[in-house]
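Let me begin by presenting the structure, written as structure tokens, before commenting on it.
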Amino acid sequence: FERPMSAKPPFYITTAIAYPNGVPHMGHAYEAIATDCIARFKRLDGYDVRFLTGTDEHGIKMLQTAQKAGVTPRELLARNVPRFEAMVEAFNLSIDDFIRTTQERHHASSQAIWAKMAANGDIYKSTYAGWYSVRDEAYYAEDETQLNEQGIRLGPQGTPVEWVEEESYFFRLSAYQDRLLAYYAENPGFIMPEARRNEVVSFVSGGLTDLSISRTTFDWGIPVPGDDKHIMYVWVDALTNYITALGYPDTEAELFKRFWPANLHVIGKDIIRFHAVYWPAFLWSAGLEAPKRVFGHGFLFNRGEKMSKSVGNVIDPFDLAATYGVDAIRYFFLREVSFGQDGSYSHEAIVARMNADLANDLGNLAQRSLSMIAKNLDGVVPQPGPLSPEDEAILALADGMLEKSREAMEGQAIHHYLAAVWNVVAEANRYFAAQAPWALRKTDPARMATVLWVTAELIREVGILVQPVMPESAARLLDLVVVPADERGFDRLGAGHRLPAGRVLPAPVGVFPRYVEPETAS
Ligand code: ME8
């Protein structure tokens with residue numbers, strides 16, 4: 001890797017790596033979209049961003065799914081991994097790397113971190129006897145499980161657990177309890193949102209037992225260095241992906257030096273324990289730093305029902321994007337669902353957002369104001385006259401969006417950032433209606449020109465700020481006001497870089513289509 005030296009501050013952000021035991025579902029796409037939005041926001045805000053995603057290809061779950069389908073794990077991967085790669089294209093994910101845990105680089109990296117942990121005295125051989133959930137790929141203490149009405153024992157996530165008793169290597173997790181608790185206390189922003197932090201603190205405070213980190217009853221995984229009979233516990237290998245992608249075990253690699261520790265691991269709430277307890281302990285044991293933040297987002301429910309392959313209500317994200325448009329889907333999920341909370345979606349809710357927020361509020365504002373410039377000013381951005389208090393007020397409100405958005409995004413409150421932008425869009429519509437430039441056309445054309453200039457400038461600012469959530473539509477919006485490609489960063493927001501007069505605009509075209517039901521369309 002040759003990278004130009006950058007004076008920009010580094011920002012390393014990752015998604016979880018999904019199990020490709022099936023095709024991607026909307027939960028996977030949601031996590032990827034949210035992470036992409038944060039990555040794009042940071043890039044536009046002047047950071048040197050590295051964004052990683054990928055697939056978690058080992059483990060018992062993968063093996064069993066393959067066996068049930070009558071194929072080898074590699075055949076299962078050949079079937080499903082291309083769909084995850086296609087999701088990157090389909091959802092316009094601005095990734096820098098896609099890691100697959102079956103890659104050679106990852107084999108080497110996982111064996112290296114294991115060897116480091118062993119050299120540190122944190123790994124010993126014993127016998128594991130306890131509960132394991134294949135669906136979660138997780139070990140659970142007996143008191144975390146319970147019997148359901150059918151007498152089936154379930155883990156805390158509601159998945160069946162099975163009794164496992166075999167020779168296993170253990171990781172001395174118990175030795176890290178105090179250091180973990182101290183880390184949580186000193187870094188209150190390490191686990192977000194707060195509900196997730198409380199959950200983890202209470203789990204760790206309750207006492208940590210050593211963790212079984214190898215199995216001998218199957219072979220689909222990375223062998224333990226020096227003891228091929230043992231296959232590493234899939235989570236040891238999975239978590240290590242985040243450093244493999246930076247060149248580990250070469251800690252002198254340029255990417256590693258620049259981007260580790262990670263700024264943000266974006267994951268779902270069901271896998272917080274792995275990231276906020278096991279992962280820092282593994283890293284410390286290997287002499288590495290813990291990540292700066294782990295954010296556990298909520299779960300998506302289709303019409304209020306939990307999506308799962310077994311329930312059969314998994315919505316294909318590719319279908320959603322084809323039906324409503326990628327940007328509409330990206331906007332819908334990031335605006336509708338408070339990031340960190342669970343969320344629900346339905347056709348009606350998506351259409352309501354598309355038509356109200358996008359087609360009406362933002363789309364119409366652009367269309368109405370820019371077509372007035374086209375019709376009345378030969379499509380040329382006018383020179384504004386003296387600004388009225390109303391003009392000053394709406395411009396100041398727009399100039400204030402960046403600070404509000406940054407503040408929200410500091411805490412991954414993506415929905416607050418979007419609410420701040422759409423508050424300005426709503427005010428801009430009120431401004432436009434109150435100034436009624438169409439009525440000024442005959443009575444006061446100079447004033448009309450000023451109002452149209454102000455509105456076009458608002459479109460420029462909003463266009464720049466919505467790029468992280470709707471990259472394509474925002475680009476088209478910015479094309480309508482002819483903002484050059486190198487003037488679309490957040491450093492161009494505000495009073496210092498107003499829309500220059502004299503710019504010739506293209507004929508405005510609609511950027512946000514209204515959703516019309518197929519039945520009524522014909
Ligand atoms: O957990 N709504 O993989 P995974 C929102 N391989 N998010 C959801 C979701 C839903 N309905 N269902 C799943 C794994 N997710 C491991 C990760 S990381 C080193 C290893 C999220 O395919 C889930 O919370 O089961 C996780 O963050 C991601 O999708 C991948 O889930």
Side-chain angles (χ1 to χ4, degrees), residues 13-35 52-63 65 76-77 80-81 83-84 87 91 93 98-102 106 109-110 113 133-138 155 157-159 196 220-222 232-245 262 264-280 282-283 291 294-317 320 333-334 336-345:
I13 180 169
T14 68
T15 64
I17 48 172
Y19 294 120
N21 64 325
V23 296
H25 56 62
M26 198 51 226
H28 294 130
Y30 172 63
E31 180 173 298
I33 290 167
T35 311
L52 174 73
T53 192
T55 41
D56 186 359
E57 306 189 350
H58 293 131
I60 313 176
K61 174 150 82 175
M62 286 298 298
L63 180 63
T65 310
L76 184 65
L77 293 175
N80 292 332
V81 174
R83 301 300 292 158
F84 283 88
M87 187 172 81
F91 284 90
L93 308 176
F98 188 102
I99 189 164
R100 302 184 51 176
T101 56
T102 50
H106 186 63
S109 168
S110 301
I113 195 173
S133 161
V134 173
R135 288 252 297 274
D136 300 349
E137 295 279 22
Q157 318 261 9
T159 60
R196 304 278 88 82
W220 181 240
I222 300 178
M232 282 182 205
Y233 173 37
V234 65
W235 273 99
V236 174
D237 131 33
L239 290 161
T240 302
N241 93 84
Y242 302 128
I243 54 175
T244 300
L264 183 58
H265 292 314
V266 177
I267 55 162
K269 63 180 184 180
D270 58 325
I271 55 173
I272 200 91
R273 183 184 295 183
F274 304 97
H275 285 80
V277 182
Y278 303 168
W279 183 223
F282 294 165
L283 287 163
V294 172
F295 190 98
H297 63 73
F299 264 56
L300 286 189
F301 298 87
N302 180 11
R303 290 184 187 278
E305 227 187 292
K306 182 170 176 180
M307 283 187 323
S308 83
K309 276 165 231 162
S310 45
V311 179
N313 60 348
V314 176
I315 296 279
D316 177 10
L320 284 186
F333 281 103
L334 297 182
E336 182 89 358
V337 183
S338 298
F339 199 53
Q341 310 273 82
D342 291 343
S344 193
Y345 64 100

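Just follow the structure's listing: the first ligand is 1, and inside any ligand the first atom is 1. Positions are given from 1 along the sequence.
Residue contacts with ligand 1: I271 is placed with no nitrogen or oxygen under 3.5 Å of a nitrogen or oxygen of the ligand (distance criterion only). For ligand 1, none of its N or O atoms has an N or O atom of I267 under 3.5 Å away. Residue I17 places at least one N or O, backbone or side chain, under 3.5 Å from an N or O of ligand 1. Polar contact check, K269 against ligand 1: no nitrogen or oxygen pair lies under 3.5 Å apart.
For G59, the closest heavy-atom approach to ligand 1 does not fall below 4.0 Å. At least one heavy atom of W235 sits less than 4.0 Å from an atom of ligand 1. Using 4.0 Å as the threshold, H25 has a heavy atom nearer than that to some atom of ligand 1. The shell of residues lying under 4.0 angstrom from ligand 1, judged by heavy atoms, includes Y242.
Counting heavy atoms only, H28 comes closest to atom 29 (O) of ligand 1 of the residues H28, H275, M62. Which of G27, A18, A32 comes nearest to atom 8 (C) of ligand 1 through a heavy atom is settled by distance: it is G27. Within the set K61, M26, R135, E31, the minimum heavy-atom distance to atom 26 (C) of ligand 1 is found for E31.
Shown are I60, T102, V234; of these, the side-chain contact (heavy atoms from CB on, under 4.5 Å) with W220 is made only by T102.
Here H297 and F333 keep their ring centres 6.0 angstrom or further from each other.
In this structure, the side chain of S133 engages the main chain of D136 through a donor-acceptor pair within 3.5 Å. The backbone N or O of M62 sits nowhere less than 3.5 Å from a side-chain atom of N21 that would complete a donor-acceptor pair.
Using a 3.5 Å distance cut-off with no hydrogens or angles, the side chains of D237 and H106 do pair a donor with an acceptor.
By the 4.5 Å heavy-atom criterion applied to side chains, V266 and F339 are counted as neighbours. A heavy-atom distance below 4.5 Å is found between the side chains of L52 and N241. Between M87 and I33 the shortest side-chain heavy-atom distance does not fall below 4.5 Å.
Close approach of ligand 1 to L300 is summarised as follows: ligand atoms under 4.0 Å from at least one heavy atom of the residue are 2 (N), 5 (C), 10 (C), 11 (N). Taking every non-hydrogen atom of G298 and a distance limit under 4.0 Å, the qualifying atoms of ligand 1 come out as 5 (C). Residue contact check: D270 has heavy atoms under 4.0 Å from atoms 23 (C), 24 (O) of ligand 1. Listed by number with element, the atoms of ligand 1 under 4.0 Å from a non-hydrogen atom of D56 are 6 (N), 16 (C), 20 (C).
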Begin with the C-alpha distance, continue with both residues' side-chain angles, and end with the deciding distance and a verdict on salt bridge (Lys or Arg N to Asp or Glu O under 4.0 Å) for R100 and E57.
CA-CA 7 Å; R100 302 184 51 176; E57 306 189 350; 2.7 Å; yes

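Between W235 and F274, the angle of the ring planes stays under 30°, which puts this pair in the parallel group of the 30/60° scheme.
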